[in-house]
Amino acid sequence: MARTESAGMVAGPDIVSGPATTAGQPPRRRGLRKRIELTVLLAPPLLLFTGFVIVPIVFAAWYSLYNWSGYGPLSDFVGLQNYRGVLSGPVFQQSLLHNVIIAVLTLVIQLPISIGLALLLNRRMRGRSFLRLAVFTPYVLSEATTAVMWLLLLQPGNFVDALLKAAGLGSLVHQWLASTSLVLYTLFVVITWKFIGFGIVLLLAGLQGVPAELREAAAIDGATPWQATRRVTLPLLGPTIRIWIFLSVIGSLQLFDVVWIMTAGGPANASSTMVTYLIFNGVQRTEFGYGAAVSVVLFVISFVFALAYQQFVLRRDTTGAVTRAVG
Amino acid sequence: MTHMRCNRTVAAIAVAAATAVAVAACSSGSSGGGTNNSSSGGKVTLTWWHNGNTQPLEGTWQQVANAYHAANPKVSFSIDPIQNEQFQTKMPLALKSANPPDIFQQWGGGNEATQLPSGKLENLGPYVSSWISELGSAAAGWQVNGQQYGVPYDQHVVGFWYRKDLFAKAGISSPPTTVAQLESDDTKLKAHGVAPIAIGSKDKWPDAFWWEYFAVRECSTSDLQQAVKSVKFSAPCFTKATSDLTAFMKTSPFQTAFLSTAAQTGAGSSAGMVANGQAAMELQGDWETTVIPALTSNKNIVAELGWFPFPSVPGGQGTPSTVLGGGDGFSCTTVAPEPACADFLKYVDSTPVQEKLVTQADVGLPANHSAEAVLSNPALKTAAQAHDSASYVATYFDIALPTNTGLALDAAIANFFAGKGSNQAIINSVSSSSGH
């Protein structure tokens, strides 16, 4: 799936300005027209991208070299001191660890559940549309709504506790958001509830690209349903799964809204993430220089992951597409 | 929701859009900028940023501006009610720009000191010297280095708000005056199935009130002043405060799962627990009377509340009448047309306007004591008396200290409440340069 999309994206401009549409025109005019087209089509997005992505990044990097409260001129140049503070700070390290834990849990728990449910929902069965809708509903809610809703459900003695007690599981009632050892995992459950629908829909789309004939052929060759799934369906679902992993890890690294509303990173930083750390130390404490350093570190971590993932994992999904389009 | 404390919890949602706020602040320069240049024929327009973005304060400020304009036709207003937390990101940008607002929300103390390097805060001293003494010691909270860069319009005092009915049920005839009495009252209340004390630890600053009040009781006034001035809590009395807090917390006075309880949002918040009778008392500011009615269907709730000051600790060096408090105010910027701006602040602090703020906008205690006569709630009157008769009003430390260290202190105390901190961590949070 990803392959076809990439091919289309890369091939697009070439087709538009290709020989078929410009046949008969002298080469110079063709070159001019191509340049005008490129300018007209690319200038607005480039301008926006530069103004709202590149320039802020450059500014953040610049501010991060200063001890700056946001007031007065940038005069207190401190070099890399902010970065040393960020990287050696125990709370930042703890926050980074929390992001990594969420990312790992996402891969280990959310992914298998998503695949399982997607395979299930891909079968013909009664009420399939309703079930698909049901699993996707939480994803439609905004993160703030999700957080406020779960905050209420998880209040001591409220819905979740009452439900457990009614089910005879009263011993499982815990201080879901107040326990420093439990809070991160409580949040993970909420995040899973919220985002699992997205994974399932993505995988369902991927499953539409798996030809039914292949499974039938496998069955004729004597493969059990599990073997057919394991050897035929899952490998063909690979590109979709790899994209899902990419989005999930980046999302885990930038986790903020749900955490901020439900716990604000507490108690005692037990659920802090890199971004809650950034908001508290950069914005609320008005240490904008320091906050800029945190944002640069967060950017570098996400960017390095993105590049490495593109290079080593997604490459096989896109390389063929690119060569075919160019060649 | 008229003051910083009230609105802090709203940050949860507001800060989610922190970057958007920053962008919005950039783009609002044209509408929010100072407009002293627009003066013609002596006519001026004052651009005013206040945090009364909800009723009744928003409407009250509009009426105040209209009335001032009617009496001074040459002064008009361009008012931007701004959500409280947005000031955090808007003010740095606004004070960097060439056209900041003429008047803006100011909490004084370290917050004001943090803004001073911008060079955009007007020294109001020459304009207000003739009348500022009417506000008494309250105005000192808006001074930096002895200069008046802001003026308060209301004041706050922190103390215990309690349910008189629950105290009576537990057989407590009068509020405690010592910590030992408070502890024994807690035991009585627990026996009656209510949480003795509710606390909103999720928001951190309610935790800080506890440590700060123990410090206020343990430390002499000069120790307190010196600590804030030097940003060092090295005096032994601060360590004693931590010991007091440790001993007090061992008696488990707070509600179950208090670490995840918010202070003011929803019925499950600490204020909500008092409102609904699940907890008997809460250490909170005088704004409790405006927060609590929204959290219960009991129309009579405010009348059922009583107030008492933080109890004394044995051997403490603090003057018993000292209270912890703060307030809200305004600053003028250097681009503001003077004397119009300062004169308007004088008008805001005049008795009729102050009375209007108290009766109509529930701002708490007026900055001008002469308006206290209109306070109707007996508990609030008790709080006001405690405030007025205080030998010293210690500003909440997170506001008194520079913003970065003040919030580091809050966080260190909150960690301590969660069992993850230490006395040393609290002391160091303000001493170390970063506190991250």
- Task: Step through the shown structure and confirm whether more than 12 heavy atoms of other residues, nucleotides or ligands are within 6.0 Å of CZ on Phe77(A).
- Result: yes
- Can you pull out the residues in residues 177-201 of chain A with any heavy atom less than 4.5 Å from chain B? Leu177(A), Ala178(A), Thr180(A)
- Message: Is Thr403(B) close to chain A through its backbone or its side chain, or both, or neither, when contacts mean heavy atoms under 4.5 Å?
- Response: both
- Phe92(A) versus chain B, heavy atoms under 4.5 Å apart: side chain, backbone, both or neither? neither
- Message: With a 4.5 angstrom heavy-atom cut-off, is it the side chain or the backbone of Leu152(A) that approaches chain B, or both, or neither?
- Response: neither
- Item | Point-to-point distance, once rounded to the nearest 0.5 Å, from CD of Glu287(A) to CG of Leu407(B) | 9.5 Å
- How many angstroms lie between OG1 in Thr89(B) and CD in Gln284(A), if you round to the nearest 0.5 Å? 10.5 Å
For [X] against [Y], the heavy-atom pair lying closest together:
{"X": "Ala264(A)", "Y": "Lys202(B)", "answer": "N-CE, 4.4 Å"}
{"X": "Gln175(A)", "Y": "Thr256(B)", "answer": "NE2-CG2, 3.6 Å"}
{"X": "Asn415(B)", "Y": "Ala268(A)", "answer": "OD1-CA, 3.0 Å"}
{"X": "Gln155(A)", "Y": "Gly268(B)", "answer": "OE1-CA, 3.4 Å"}

- Determine, for Phe280(A) and Lys204(B), whether the Lys NZ or Arg CZ falls below 6.0 Å from the six-membered ring centre while staying within 45 degrees of the axis. yes
- Taking the side chain as every heavy atom from C-beta outward, state whether Tyr71(A) and Leu116(B) have any pair of such atoms under 4.5 Å apart. no
- Message: With a 4.5 Å cut-off on side-chain heavy atoms, are Gln88(B) and Thr286(A) touching?
- Response: no
Based on non-hydrogen pairs under 4.5 Å, which of [options] is most in contact with chain B?
{"options": "Thr263(A), Asn158(A), Leu151(A), Val86(A)", "value": "Thr263(A)"}
{"options": "Pro73(A), Gly266(A), Gly157(A), Gly72(A)", "value": "Gly72(A)"}
{"options": "Gly265(A), Gly70(A), Ala147(A)", "value": "Gly70(A)"}

